[in-house]
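Data block below; observations after.
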4 protein chains.
Amino acid sequence: MAPKVSQQHVEARRKQILDAAFACFAREGFHQTTMQEICREAGLSPGAVYSYFNSKEEIIEASCQESQRDLPLFEGTADKLDTLGVFMGLADLSFGRLAEAEAEIAIPVHVQLWSEALRNPRIKETLRLRGENMRKALEGLVVGAQQRGQINPALSAQAVVQVMIGMWHGLVLEKALDQNVDVSSYTDVVKALIGGAFWQTDGGEV
Amino acid sequence: MAPKVSQQHVEARRKQILDAAFACFAREGFHQTTMQEICREAGLSPGAVYSYFNSKEEIIEASCQESQRDLPLFEGTADKLDTLGVFMGLADLSFGRLAEAEAEIAIPVHVQLWSEALRNPRIKETLRLRGENMRKALEGLVVGAQQRGQINPALSAQAVVQVMIGMWHGLVLEKALDQNVDVSSYTDVVKALIGGAFWQTDGGEV
Amino acid sequence: MAPKVSQQHVEARRKQILDAAFACFAREGFHQTTMQEICREAGLSPGAVYSYFNSKEEIIEASCQESQRDLPLFEGTADKLDTLGVFMGLADLSFGRLAEAEAEIAIPVHVQLWSEALRNPRIKETLRLRGENMRKALEGLVVGAQQRGQINPALSAQAVVQVMIGMWHGLVLEKALDQNVDVSSYTDVVKALIGGAFWQTDGGEV
Amino acid sequence: MAPKVSQQHVEARRKQILDAAFACFAREGFHQTTMQEICREAGLSPGAVYSYFNSKEEIIEASCQESQRDLPLFEGTADKLDTLGVFMGLADLSFGRLAEAEAEIAIPVHVQLWSEALRNPRIKETLRLRGENMRKALEGLVVGAQQRGQINPALSAQAVVQVMIGMWHGLVLEKALDQNVDVSSYTDVVKALIGGAFWQTDGGEV
DNA sequence: GATGAATGAGGATTCATTCAT
DNA sequence: AATGAATGAATCCTCATTCAT
């Protein structure tokens with residue numbers, strides 16, 4: 001099948017360009033990065049790049065969708081009874097990601113996408129969609145836990161999820177601004193908060 | 001004294017320019033905003049603007065320091081014994097800020113500064129300094145609480161503070177991307193987490 | 001009046017740019033002329049040029065309107081009884097124009113505008129409007145002459161005017177392609193045709 | 001014989017390309033038409049097109065020669081005695097052409113060639129040659145008529161021909177800019193002018 | 001012969017910054 | 001001190017042309 005080869009080729013080239021763009025974006029930022037730089041990094045001419053993407057804007061938008069492949073791990077966990085255990089696992093897993101090597105590029109790009117989303121509705125939407133699955137899955141967990149009387153039912157499940165994601169974004173940001181942030185300590189605190197071991201139950205006058 | 005008047009004049013003009021820049025930045029973003037737009041918004045000529053700031057970069061940097069006047073409120077709280085109460089008050093206060101009208105401009109600018117900080121060491125430093133006082137004050141509170149056995153001493157005080165600020169930043173971001181975020185529900189969850197009322201103590205098999 | 005000065009300045013600059021553009025267009029054609037060349041010819045920087053015209057396209061369009069100041073001479077001639085005399089005068093006058101020095105630039109630009117008009121509705125419209133006055137005035141003359149029985153009333157007045165303008169355009173074109181065209185001989189023939197002295201009335205077996 | 005077949009093949013391909021180019025040129029103009037568009041229209045790859053023409057310029061030039069097959073009709077007419085009748089016939093014939101369907105493509109291309117000729121000596125020459133035969137034939141007719149005392153001998157035969165061609169070009173242009181031009185009315189006027197029936201011989205005070 | 005991906009010089013346009021008035 | 005016209009380097013993008021397959 002002729003188109004198959006072409007299709008693969010197109011995908012390969014697009015990936016090649018996006019990888020190059022990612023590297024540049026992480027290094028220089030979207031707006032400081034010139035197309036020439038992306039071309040150089042990708043080892044392609046401007047003409048070649050422009051036959052796979054119609055504009056720099058489109059490359060930025062594609063960069064946004066790139067980090068899509070996140071957490072299909074939530075599948076089927078909503079009915080788990082050991083909610084706390086699930087949360088702990090998730091915390092370890094997702095926060096652990098930030099310590100991985102590839103995160104060094106993904107994180108700064110991610111932070112910049114927040115800025116872009118403020119002006120570019122397409123990016124905002126992509127970002128929203130990206131989080132939607134995770135949000136939905138978490139909300140299922142929370143609601144289940146509330147029904148089982150595990151989590152305080154007075155709290156808005158949506159807000160609970162927002163806070164969780166907030167803690168995640170907070171760490172992403174802190175890691176972006178300071179590579180040396182101690183992810184595992186941060187994770188410990190998050191787990192302690194969630195698990196209720198933050199305050200000493202037998203402690204002082206709390 | 002001539003210089004005195006001039007000094008006031010200079011300050012007034014700088015504020016005029018920064019206010020205009022803020023408005024533009026919030027509306028369009030740093031990089032979409034042209035100097036012409038800032039000039040128009042400020043009602044000044046480019047020449048005039050450039051006699052108060054040496055570059056657009058400098059205006060962005062100054063925008064960063066602008067939001068400085070944050071939290072002198074922590075002063076003298078470090079020794080308070082009712083740590084939990086202090087935290088709760090802080091949460092109400094700082095999160096409440098985000099619901100205020102002026103936040104509508106400050107929030108998007110803030111989010112953009114995160115991006116800028118990735119490339120501009122001066123902004124990164126300013127941002128760091130900005131948080132430093134708060135961080136120090138909070139750390140004092142946490143350490144004190146740990147010494148009094150209120151907060152789990154196994155946790156890194158620094159990490160505890162990071163998580164707290166993380167939750168704050170997470171909300172800032174969420175508010176930036178979605179004006180309709182329910183700040184008070186979010187605050188409730190944060191307070192519940194901190195206060196230990198997140199998980200039902202008498203609840204299920206947690 | 002401050003704006004007055006500015007207004008004059010703007011007009012002067014626009015003329016300066018249009019003159020430069022004209023020269024370039026006549027020499028190189030619209031599409032072979034680069035903005036850089038126009039800038040060089042005008043002695044201005046690209047930025048300056050772009051503060052008076054929004055695009056190259058706009059300069060081309062303005063070039064089209066430039067040659068507007070054509071023949072207000074028709075005013076009040078429509079009622080003249082000596083129609084033939086009027087036509088002869090017009091022929092001398094308008095064809096004579098083509099022999100003038102400034103026509104050397106105007107003619108090639110004009111020919112190119114015909115091509116542009118095929119793709120650019122704005123130029124087509126401007127070109128149409130440009131001819132409208134002349135056409136109207138001529139049509140008045142023709143109709144008057146037909147009513148007086150001077151011109152064959154079986155002919156479409158509109159078509160008569162079209163043929164007249166056609167002869168004019170034909171000469172413009174021929175002059176564009178060959179500077180050495182003998183305008184006055186051409187004029188003689190046109191006058192002979194119009195005046196009926198083309199065919200020998202006493203001649204052969206015509 | 002291989003070369004023979006090849007020869008035919010080459011001609012077929014060239015025609016295929018020129019037809020495609022014509023269609024594009026008529027639709028978009030020389031400079032708005034990209035080679036890609038010509039390739040698409042021709043159903044060929046760029047590489048294929050470039051093996052039949054060395055450049056876009058060459059295709060434009062070839063387009064110019066394409067409309068060559070014009071007026072072999074003049075052959076042997078120069079000695080005809082009924083000059084007026086011949087002219088009338090020519091007018092009907094040539095102007096009639098403009099009403100034909102294929103003229104819809106040929107006319108706009110023709111008008112554009114006038115512009116191209118201003119810059120491209122090869123096109124100018126081709127255009128000149130194209131008209132040369134016709135001019136020569138017409139000039140023969142005119143000179144003959146002058147010798148027989150049919151046409152005013154005081155007129156330059158060359159100029160007479162120029163005016164005739166001018167009227168033709170004028171109509172071509174008018175048709176290019178306005179499809180709805182009434183060709184037959186125009187033709188009537190031209191014939192009336194030539195035939196002397198323009199001005200009423202018994203009319204007013206002319 | 002044909003393909004079409006790749007090339008890369010070149011062009012239109014922008015915008016931070018300057019400086020004569 | 002203020003103006004705002006002018007600057008011009010830098011940027012995004014196009015498209016005629018080539019060449020490995």
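Computed over heavy atoms, backbone and side chain alike; hydrogens, waters and symmetry mates excluded. Proteins come first, then strands; the chains are lettered A, B, ... in the order of their sequence lines, and each starts at number 1.
Between the CD atom of A/E28 and the C1' atom of F/dA10 there is a distance of 15 Å, rounded to whole Å. Straight-line distance from the NE2 atom of A/H9 to the C1' atom of E/dA5: 7 Å, rounded to whole Å. A straight line from CD of B/Q8 to C1' of F/dA1 spans 17 Å, rounded to a whole angstrom. Look at CD1 on D/I59: it is 12 Å from C1' on F/dT17, rounded to the nearest Å. Per the geometry, CD1 belonging to C/I17 stands 12 Å off C1' belonging to F/dA5, to the nearest Å. Between B/I60 atom CD1 and E/dC15 atom P the separation is 14 Å, expressed in whole Å.
Stem regions for DNA chain E, each three or more consecutive Watson-Crick or G-U pairs with both distances under 3.5 Å and listed by first number, read E:2-21 with F:2-21.
Taking the six-membered ring for Trp and thresholds of 30 and 60 degrees, C/H31 and D/H31 have nearly parallel ring planes, at less than 30 degrees apart. A perpendicular orientation is assigned to the rings of A/H9 and A/Y52, their planes being inclined by more than 60° (bins at 30° and 60°).
Residues C/E57 and C/N120 meet the side-chain proximity criterion, which asks for heavy atoms closer than 4.5 Å. The side-chain heavy atoms of C/R119 and D/P108, taken from C-beta on, include a pair separated by under 4.5 Å. Side chains of A/I59 and A/M35 form a contact here, defined as non-hydrogen atoms less than 4.5 Å apart. Considering only heavy atoms from C-beta on, B/L118 comes within 4.5 Å of A/Q112 through its side chain. Residues B/L44 and B/R13 have side chains in contact (heavy-atom distance under 4.5 Å, counting atoms from C-beta outward). Taking the side chain as every heavy atom from C-beta outward, A/T34 and A/E37 approach each other to under 4.5 Å.
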Audit row: C/F25, C/I105, side-chain contact (heavy atoms from CB on, under 4.5 Å) steps and yes/no: CA-CA 8 Å; C/F25 291 161; C/I105 282 185; over 6 Å; no
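Contact check, D/R13 against E/dA2: a side-chain N or O comes under 4.0 Å of OP1 or OP2.
Comparing D/G47 and B/P46 along DNA chain F, the residue whose closest nucleotide (by nearest heavy atom) sits nearer the 5' end is B/P46.
Proximity of residues 29-43 of chain C to DNA chain E (heavy atom under 4.0 angstrom from any strand atom) is restricted to C/T33, C/T34, C/M35. A heavy atom closer than 4.0 Å to some atom of DNA chain E occurs in B/Y50, B/S55, B/K56, these being the qualifying members of residues 49-56 of chain B.
F/dT21 and E/dG1 have their C1' atoms separated by 13 Å, given to the nearest Å.
Atom CZ of B/R128 is surrounded by more than 12 heavy atoms from other residues, nucleotides or ligands within 6.0 Å.
Of the charged side-chain nitrogens involved, at least one lies within less than 4.0 Å of a carboxylate oxygen, so that A/E41 and A/R27 count as a salt-bridged pair.
Side chain of B/A48, nearest nucleotide from E/dG4, E/dA9, F/dA2: F/dA2. Checked against E/dA2, E/dA6, F/dG8, the side chain of D/S45 finds its nearest nucleotide in E/dA2.
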